[in-house]
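A quick write-up on the structure given underneath.
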Amino acid sequence: MKQSKDKATIYMMRNLLGTFFVAFLSFAISFSMYYQCSFIEIFQRIFFYDLYTTLYLLLLWMFDYLVFELSKILYDEYSKQVTFIPCFVFIGVGICVFFIPILDLFQYNLCFICVLIILRIVKQIWKYDLMKKRPKNGLE
């Protein structure tokens with residue numbers, strides 16, 4: 001029981017770090033293009049110059065985490081019936097985002113979160129295929 005709780009905690013922390021990386025990377029790219037500055041200055045602008053920017057990053061991070069967890073729940077629910085179809089859907093969403101006239105921060109963020117979700121789906125498909133091919137008792 002404790003071991004499964006530890007694994008769940010590790011998975012949640014991994015997902016939190018992955019979605020934080022997506023939010024921070026999209027902020028860093030957007031700020032570097034807007035302010036024409038270095039990474040250290042981007043880091044200062046996000047975390048030290050303005051509280052609202054930091055809160056905006058945290059809000060975007062929580063949105064990314066919720067979207068990632070919802071996609072994870074939906075894919076796990078239908079993983080027996082669906083294979084690579086969600087990957088193609090997220091690739092289409094990622095491409096379509098660039099043709100929608102929205103802020104570039106959201107374009108980068110949505111594209112990166114789609115890539116993160118696709119990577120998770122591919123990992124789950126690979127894990128399922130390995131489990132399916134593995135013999136039950138190791139002697140077969």
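Leu59 and Phe63 are assigned to two separate hydrophobic clusters, defined by single-linkage of ILVMFWY side chains at heavy-atom distances under 4.5 Å. In the hydrophobic cluster analysis, where Ile, Leu, Val, Met, Phe, Trp and Tyr join through side-chain heavy atoms closer than 4.5 angstrom, Tyr65 is grouped apart from Tyr11. Hydrophobic clustering places Ile95 together with Tyr108 (ILVMFWY residues linked when any side-chain heavy atoms are closer than 4.5 Å, directly or through intermediates). Under a hydrophobic-cluster definition in which Ile, Leu, Val, Met, Phe, Trp and Tyr are linked whenever side-chain heavy atoms come within less than 4.5 Å, directly or via other members, Ile113 and Leu119 are assigned to different clusters. Follow the hydrophobic side-chain contacts under 4.5 Å out from Leu16 and you reach Leu58 in the same cluster.
Here the side chains of Asn15 and Glu69 are in contact, with some heavy-atom distance below 4.5 Å. Counting heavy atoms from C-beta on, the side chains of Leu60 and Phe106 come closer than 4.5 Å. Side chains of Gln44 and Tyr49 form a contact here, defined as non-hydrogen atoms less than 4.5 Å apart. Looking at heavy atoms from C-beta onward, Gln107 lies in side-chain contact with Ile102 at the 4.5 angstrom threshold. Two residues are said to be in side-chain contact when any heavy atoms from C-beta on lie closer than 4.5 Å; Arg120 and Phe68 meet this criterion.
Heavy atoms from other residues, nucleotides or ligands lying under 6.0 Å from CZ of Phe20 number more than 12. Taking a 6.0 Å sphere around CZ of Phe21, one finds it holds 12 or fewer heavy atoms contributed by other residues, nucleotides or ligands. No more than 12 heavy atoms of other residues, nucleotides or ligands sit less than 6.0 Å from atom CE of Met12.
No donor-acceptor pair under 3.5 Å is formed between the side chain of Trp61 and the backbone N or O of Leu17. Remark: side-chain polar atoms of Thr54 are paired, donor with acceptor, to backbone N or O of Ile46 under 3.5 angstrom.
Qualifying side chain to side chain donor-acceptor pair (under 3.5 Å) partners for Ser26, counting only residues two or more places apart in sequence or in other chains: none. Partners of Ser71 by side chain to side chain donor-acceptor pair (under 3.5 Å), not counting sequence neighbours: none found.
Rounded to the nearest 0.5 Å, atoms SG (Cys111) and CG (Leu25) are 11.5 Å apart. To the nearest 0.5 Å, atom CD of residue Gln124 and atom OH of residue Tyr75 are 7.0 Å apart. The distance from atom CD1 of Ile117 to atom CG of Leu70, rounded to the nearest 0.5 Å, is 9.0 Å.
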Under the side chain to side chain contact (heavy atoms under 4.5 Å, CB included) rule, what do Thr19 and Leu116 come out as? Steps first, then yes or no, please. CA-CA 8 Å; Thr19 53; Leu116 188 67; 4.0 Å; yes

Applying side chain to side chain contact (heavy atoms under 4.5 Å, CB included), run through Tyr34 and Asp104 and close with a yes or a no. CA-CA 10 Å; Tyr34 186 75; Asp104 63 344; over 6 Å; no

Could you go through Phe47 and Phe43, starting from their C-alpha distance and side-chain angles, then the distance that decides it, and tell me whether this counts as ring-ring contact (aromatic ring centres under 6.0 Å, His included)? CA-CA 6 Å; Phe47 292 109; Phe43 191 79; 4.8 Å; yes

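Here the closest heavy-atom approach between residue Ser30 and residue Leu105 is recorded as OG-CB, 3.9 Å. Of all heavy-atom pairs spanning Ala23 and Asn109, the tightest one is CA-OD1, 4.1 Å. When every heavy atom of Ile42 is checked against every heavy atom of Cys37, the shortest pair comes out as CG1-SG, 3.5 Å.
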